[in-house]
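The first residue in the sequence is number 1, and the count goes up from there.
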Amino acid sequence: MSARLIDGKAAAARVLTEVATQVERLKAQGIEPALAVVLVGDDPASHVYVRNKVRSAGETGIRSLERRLPAETSAEALLAVIAELNADPLVNGILVQLPLPGHIDETRVLQAIDPRKDVDGFHSENVGGLSQGRPVLTPCTPAGCMRLLRDTLGDLSGKHAVVIGRSNIVGKPMAALLLAANCTVSVLHSRSRDAQALSRQADIVVAAIGRPRMIGADWIKPGAVVIDVGINRIEEDGRNRLVGDVDFDAVLPVASAITPVPGGVGPMTIALLMHNTVTAARQQHGQESV
């Protein structure tokens, strides 16, 4: 029996509908949530991501501001833009599209964003709060994965979850969120021993390593739920394709549910960005988070 497909597009649409409802309520109170997106340079993929984020903001009623800067922009000039947005009371969320040009220190830039407006959830204050279980703005991709898992499994308490990958953007915050949901969590990485055997013990496998189709059927326990965060562009049969970190065709007969690539985690990342923007707007106006 093949696994059930976890429809990230449908789940994202539900989140965006919830966000649009919250935006309407805030506007009725004279509050217009606003997201500022800062793009430095001409990376084609970054331009696509920014366009998608701005479009989703418009669809939910969130006002968007774009600040596009040339690739040669200095770190000081970029920090000045961030300081301006931090000080603007009409801007609720700030997102600096990554990657930045090589001459700019990403950590320094991300630390400059007001943590109350850090809708990507990358500031150390939000990262630390997440590890302590405090309500903070949470990285969008892991938060989207959690939404998909809860939609699929309901209560996650007691489940054994394996996170494959330990990046600051996905792996580490994913582990923290799963711990907060009372899962037993293992994090596997390039130095892990017997990684396949450990992965085969898991009820939940979250793959976030950036290696196309690395996770095969021999990594998955029959009936496990698989969340594939990977987005890898490969050349196959004379054309470009997007594939995940999981060998989808091989794992499909083994898992009970799995996210496809594309159409799985990707749409949820943008939906949770909009959710974080509304949450930030509410918090900045003394209201409880969404």
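With sequence neighbours excluded, the residues forming a side-chain hydrogen bond (donor to acceptor under 3.5 Å, both in side chains) with Ser124 are Gln111, listed by chain and number. With sequence neighbours left out, Val127 forms a side-chain contact (heavy atoms from CB on, under 4.5 Å) with no residue at all. Partners of Asn182 according to the side-chain contact (heavy atoms from CB on, under 4.5 Å) rule, which considers only residues two or more places apart in sequence or in another chain, are Ser157. The side-chain hydrogen bond (donor to acceptor under 3.5 Å, both in side chains) test applied to Glu125 returns no partner, not counting sequence neighbours. Evaluation of the side-chain hydrogen bond (donor to acceptor under 3.5 Å, both in side chains) rule for Arg150 yields no partner, not counting sequence neighbours. Scored by the side-chain hydrogen bond (donor to acceptor under 3.5 Å, both in side chains) test, Glu18 finds Arg147 as partners (sequence neighbours excluded).
Within the structure, every pair that satisfies the salt bridge (charged side-chain N to carboxylate O under 4.0 Å, His left out) test and touches residues 193-205, not counting sequence neighbours, is listed here: Asp203-Lys221. Residue pairs meeting the salt bridge (charged side-chain N to carboxylate O under 4.0 Å, His left out) criterion with at least one partner in residues 36-54, sequence neighbours excluded, do not occur; the list is empty. Residue pairs that meet the side chain to side chain donor-acceptor pair (under 3.5 Å) test with at least one member in residues 56-65, sequence neighbours left out, do not exist here. Applying the salt bridge (charged side-chain N to carboxylate O under 4.0 Å, His left out) rule to pairs touching residues 165-192 yields nothing, sequence neighbours excluded.
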Exercise for the section: Dump the intermediate steps for salt bridge (Lys or Arg N to Asp or Glu O under 4.0 Å) on Arg213 and Asp249, then the final yes or no. Expected result: CA-CA 10 Å; Arg213 296 175 176 159; Asp249 291 338; 6.0 Å; no

Handout entry: Stepwise salt bridge (Lys or Arg N to Asp or Glu O under 4.0 Å) check, Glu235 with Arg241
Key = CA-CA 6 Å; Glu235 185 87 21; Arg241 292 191 60 188; over 6 Å; no

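The other members of the hydrophobic cluster of Ile231, by chain and number, are Leu242 (side-chain heavy atoms under 4.5 Å, ILVMFWY only). Residue Ile234 shares its hydrophobic cluster (ILVMFWY side chains chained together at separations under 4.5 Å) with Val243.
A side-chain donor-acceptor contact under 3.5 Å links Asp228 to the backbone of Asp245.
Of the listed residues (Asp118, Asp120, Asn276), just one forms a side-chain contact (heavy atoms from CB on, under 4.5 Å) with Leu95, and that residue is Asp120.
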